[in-house]
Enquirer: 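There's a structure below that I have some questions on.
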Amino acid sequence: MKNKILGLIESAVQAVSGEEVAVELTRPDAQFGDFATNVALQLGKKQGKNPREVAQEIIDTIPKNDSIASAEIAGPGFINLTVTDKSLVSSVIHPGKFTAFKDQTVVAETNNPNPFKAMHIGHAFNAILADTTANLLEAGGADMHRVSYHGDVGLHVGKSMYSLLKFVGDDPKKLDSIKPSERNKFMSQMYADGSNAYTSDETAKKEIDALTVQSFTREDPLFAEVYDICKKWSFEQIDELVDKLGNKPTQKRYLESDADEIGVQTVKKHEGSVFINSDGALVFPGKKYGIFDNVFVTSTGRGLYGARDLGLMQLKQQDFKADKSYIVTAEEQKDYFRGVIKAAELCLPELNGVTQNISTGTVKLSTGKMSSRSGEVLDVQWLFDQIESAIRSRGAKPTAENIQGALRYQFLKVRVGSDVIFDVEQSVALEGNTGPYVQYAHARACSILTKGSAPQSFPETDLTDDERLLLRKISEYSEVTERAISELMPHLVCTYLYELAQEFNRFYEHNRVIDDKRQVVRLAIVNEYATTLK
RNA sequence: GCACCGGUAGCUCAGUGGAUUAGAGCACUUGUCUUCGGAACAAGGGGUCGUAGGUUCGAAUCCUACCCGGUGUACCA
């Protein structure tokens, strides 16, 4: 509908002014109409005319049609437009398709918790945002590929393995005493202990450094056995928890150990051209590009995460030949990724413009920042427990749908990049701007629809004010979603759905559907509402 | 030091050039309802949009400076 109205206004503007002016239609308060434009103000300024007179000329020039019911001048020269009921209804039952990513192959990492550590709330936030971004891309027509990437080598593995080897002594069977449900917590504790030892104990530090090297080579049989068991545990946990978050499955799992070699080779190949040698280390001189210098390969020849991310980009490109590749990370890594992406584009010109880094804010507790090093993390299991008990305390039964609805909405309703302040009490509250409120508003509508079935086609009729308000809100779906897709901003959808649910609840409160003389029309409206919300 | 992100109601956040009252939710106050699932609806109090200048017919929104908070700044991830 918006495009149709836009077309009408644009042709009128061109006829009046003889020039191409970009017309913008906004959604004013319902009392002012369905659309508004300030084009007469812009034109008036440009041509030195009175904006209100320009507005009147534009209105007079709009061709007769069955879409616009009225056009009025307001304030200094705004034009408020009200569409006909017929046009409104038609726009609701024939929403447009989204094409922002049509014919594009897109790959996204939709989860990336590391094995040998606990999966915490930050990982959950990241995974949910990445998965939802992938949903938007898919809705925009992309050929979507979801993958994951995990750090199975490096210092954090050395730290965990230090504690794990102490725990098992020389008998890996001791690990059997840890129950599956305790493993996430256990691994978290092992990592925290190793991490503390690393900073407080010189001898431990040396051992951990040696174990870090082992994470790449795995030549000691005992190390390899414990490593394999715990890595398997970790991925079982990760897969289970990611599924529980409501993420769609990934089709390929990448590991840092896979990406390391190809990355290191690429760096070495471009020594002198892209990377510089500094005391034996291979450094990307990011400062030249306004970022910061960063070591990709150590003076001992070991690949660091920069080299591995470079290798990963190549692996993904071999597998998918994607037009775009999305990586969602915490904002701390924003500048780091600017550097890696720049380095990748210099080494591999075919990657130009492919890799996109979306940075998230931080999940914070009202009590302070979480730190995985000191062990003060809220692991994901704890979070599920909190939400489940909150749902039970309402006398309801926790289900995958209501748990995911509550959790995902909480993380997605803020603008991408904003921090999420995780207040335990508020996060599990089920009123107000929350997932459960929206789900409830859907359930109510569905309940009505079981009591009377919606007509095949929308009846021709004039609408009451309340009916019109609800339909007007439903009609915003296309333009809101289109924007959410092109800007990859899920919160726009959340905000809209909340407003839509509010509008429905207002309607519900004041208008009967079943056994009302307007039952047929109202069932049609409720049906469109439920479909849109879902 | 430099770079990036942020500062909007008591709290958590939308709004990033447009108006006639700057919006929600939570919390607080007061109502509605013997309900098509009350996890509802309605009304009210509460804001010099960090500060000071500037641009503009028009600024929370753009520019400049400053203040406050967060993050990053080479062999950790």
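Any value given below was found using the heavy atoms of this structure, including those in side chains, with hydrogens, waters and symmetry copies removed. Within every chain, numbering begins at 1; the chains are lettered A, B, ... in the order of the sequence lines, protein sequences first and strands thereafter.
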Enquirer: Just checking A/A445: base, sugar-phosphate only, or nothing, at a heavy-atom cut-off of under 4.0 Å?
Expert: nothing
Enquirer: Applying the side-chain hydrogen bond (donor to acceptor under 3.5 Å, both in side chains) test to A/Y336, which of A/N294, A/D309, A/T329 qualifies?
Expert: A/D309
Enquirer: Work out how far the C1' atom of B/G46 is from that of B/C28, and round it to whole angstrom.
Expert: 10 Å
Enquirer: Could you tell me whether the side chain of A/D293 and the main chain of A/K287 form a donor-acceptor pair under 3.5 Å?
Expert: yes
Enquirer: How is A/I291 classified with respect to the nucleic acid when contacts are heavy atoms under 4.0 Å: base, sugar-phosphate, or nothing?
Expert: nothing
Enquirer: Between B/G38 and B/U21, how far apart are the two P atoms, rounded to whole Å?
Expert: 36 Å
Enquirer: Which nucleotide, in any strand shown, forms a Watson-Crick or G-U wobble pair with B/G37, with both distances under 3.5 Å?
Expert: none
Enquirer: Let's test this: given Watson-Crick or G-U wobble pairing with both distances under 3.5 Å, identify the partner of B/C66.
Expert: B/G50
Enquirer: Output yes when a side-chain donor or acceptor of A/S359 lies under 3.5 Å from a complementary backbone atom of A/A330, and no otherwise.
Expert: no
Enquirer: Just to be sure I understand the rule, does A/L155 reach a base, reach only the sugar-phosphate, or reach nothing, if contact means heavy atoms closer than 4.0 Å?
Expert: sugar-phosphate
Enquirer: Without decimals, in angstroms, what is the distance between A/K205 NZ and B/C75 C1'?
Expert: 12 Å
Enquirer: If you look at every strand shown and take non-hydrogen atoms under 4.0 Å, does A/Y437 touch a base, only sugar-phosphate, or nothing?
Expert: sugar-phosphate
Enquirer: Please work out if A/V513 contacts a base, only the sugar-phosphate, or nothing of the nucleic acid, heavy-atom cut-off 4.0 Å.
Expert: base
Enquirer: Under the salt bridge (charged side-chain N to carboxylate O under 4.0 Å, His left out) rule, collect the residues that match up with A/K205, sequence neighbours excluded.
Expert: A/D209
Enquirer: Classify the side chain of A/Y440 versus the base of B/A39 as yes if they form a donor-acceptor pair under 3.5 Å and no if they do not.
Expert: no
Enquirer: Please report the C-alpha distance between A/D34 and A/R468 in whole Å, then the side-chain angles of each, then the deciding distance to 0.1 Å, and finally whether the salt bridge (Lys or Arg N to Asp or Glu O under 4.0 Å) criterion is met.
Expert: CA-CA 10 Å; A/D34 297 318; A/R468 199 174 196 292; 3.1 Å; yes
Enquirer: On a whole-Å scale, what distance lies between the P atoms belonging to B/G69 and B/A22?
Expert: 31 Å
Enquirer: Using modelled atom types and a 3.5 Å cut-off, is there a donor and acceptor pairing between side-chain atoms of A/T26 and backbone atoms of A/A36?
Expert: yes
Enquirer: Mind checking who B/G10 pairs with, Watson-Crick or G-U wobble, both distances under 3.5 Å?
Expert: B/C26
Enquirer: Tell me whether A/R392 contacts the main-chain N or O of A/P398 through its side chain, where contact means a donor paired with an acceptor under 3.5 Å.
Expert: no
Enquirer: When all nucleic acid strands are considered with a 4.0 Å heavy-atom cut-off, which category describes A/R52: base, sugar-phosphate, or nothing?
Expert: nothing
Enquirer: Distance between the C1' atoms of B/G45 and B/U34, in whole angstroms?
Expert: 32 Å
Enquirer: Over how many whole Å does the gap from A/L43 atom CG to B/C57 atom P extend?
Expert: 16 Å
Enquirer: Sticking with atom P, work out how far B/U55 lies from B/U12, rounded to a whole angstrom.
Expert: 36 Å
Enquirer: Under 4.0 Å between any heavy atoms, over every strand shown, what does A/N505 touch: base, sugar-phosphate, or nothing? Just pick one.
Expert: sugar-phosphate
Enquirer: Rounded to whole angstrom units, what separation is found between the CZ atom of A/F507 and the C1' atom of B/C41?
Expert: 14 Å
Enquirer: For A/K397 and B/G37, give me the distance from atom NZ to atom P, rounded to whole Å.
Expert: 20 Å
Enquirer: Consider the side chain of A/F292, meaning its heavy atoms from C-beta on, and name the nucleotide among B/G37, B/C41, B/G72 that approaches it most closely.
Expert: B/G72
Enquirer: Which nucleotide sits closest to the side chain of A/S278: B/C5, B/A74, B/G37?
Expert: B/A74
Enquirer: Sticking with atom C1', work out how far B/G44 lies from B/A39, rounded to a whole angstrom.
Expert: 24 Å
Enquirer: Watson-Crick or G-U wobble partner for B/A3, using a 3.5 Å limit on both distances?
Expert: B/U71
Enquirer: Checking all strands, does A/F32 fall into the base, sugar-phosphate, or nothing category for heavy-atom contacts under 4.0 angstrom?
Expert: base
Enquirer: In whole angstrom, give me the gap between the C1' atoms of B/C49 and B/U61.
Expert: 10 Å
Enquirer: Base, sugar-phosphate or nothing for A/N80? Non-hydrogen atoms, less than 4.0 Å.
Expert: base
Enquirer: Please give the distance between the C1' atoms of B/A24 and B/U64 as a whole number of Å.
Expert: 33 Å
Enquirer: Can you check whether A/I262's main-chain N or O pairs, donor with acceptor, with A/T266's side chain at less than 3.5 Å?
Expert: yes
Enquirer: When all nucleic acid strands are considered with a 4.0 Å heavy-atom cut-off, which category describes A/R512: base, sugar-phosphate, or nothing?
Expert: base
Enquirer: Need one value for A/Q502: base, sugar-phosphate or nothing, where a base atom within 4.0 Å counts as base even if backbone is also close, heavy atoms only.
Expert: sugar-phosphate
Enquirer: Look at all strands and tell whether A/S359 reaches a base, only sugar-phosphate, or nothing, counting heavy atoms closer than 4.0 Å.
Expert: nothing
Enquirer: If I take atom CG in residue A/N38 and atom C1' in nucleotide B/U16, what distance separates them, rounded to the nearest angstrom?
Expert: 15 Å
Enquirer: Let me know the distance between CG of A/L500 and P of B/A24, rounded to the nearest Å.
Expert: 17 Å
Enquirer: How many Å lie between CG on A/N294 and P on B/A77, as a whole number?
Expert: 10 Å
Enquirer: Looking across every strand, which nucleic acid part, if any, lies under 4.0 Å from A/G432 by heavy atom: base, sugar-phosphate, or nothing?
Expert: sugar-phosphate
Enquirer: With a 3.5 angstrom cut-off on both distances, give the Watson-Crick or G-U wobble partner of B/U55, or none if there isn't one.
Expert: none
Enquirer: Base, sugar-phosphate, or nothing for A/D29, non-hydrogen atoms under 4.0 angstrom?
Expert: nothing
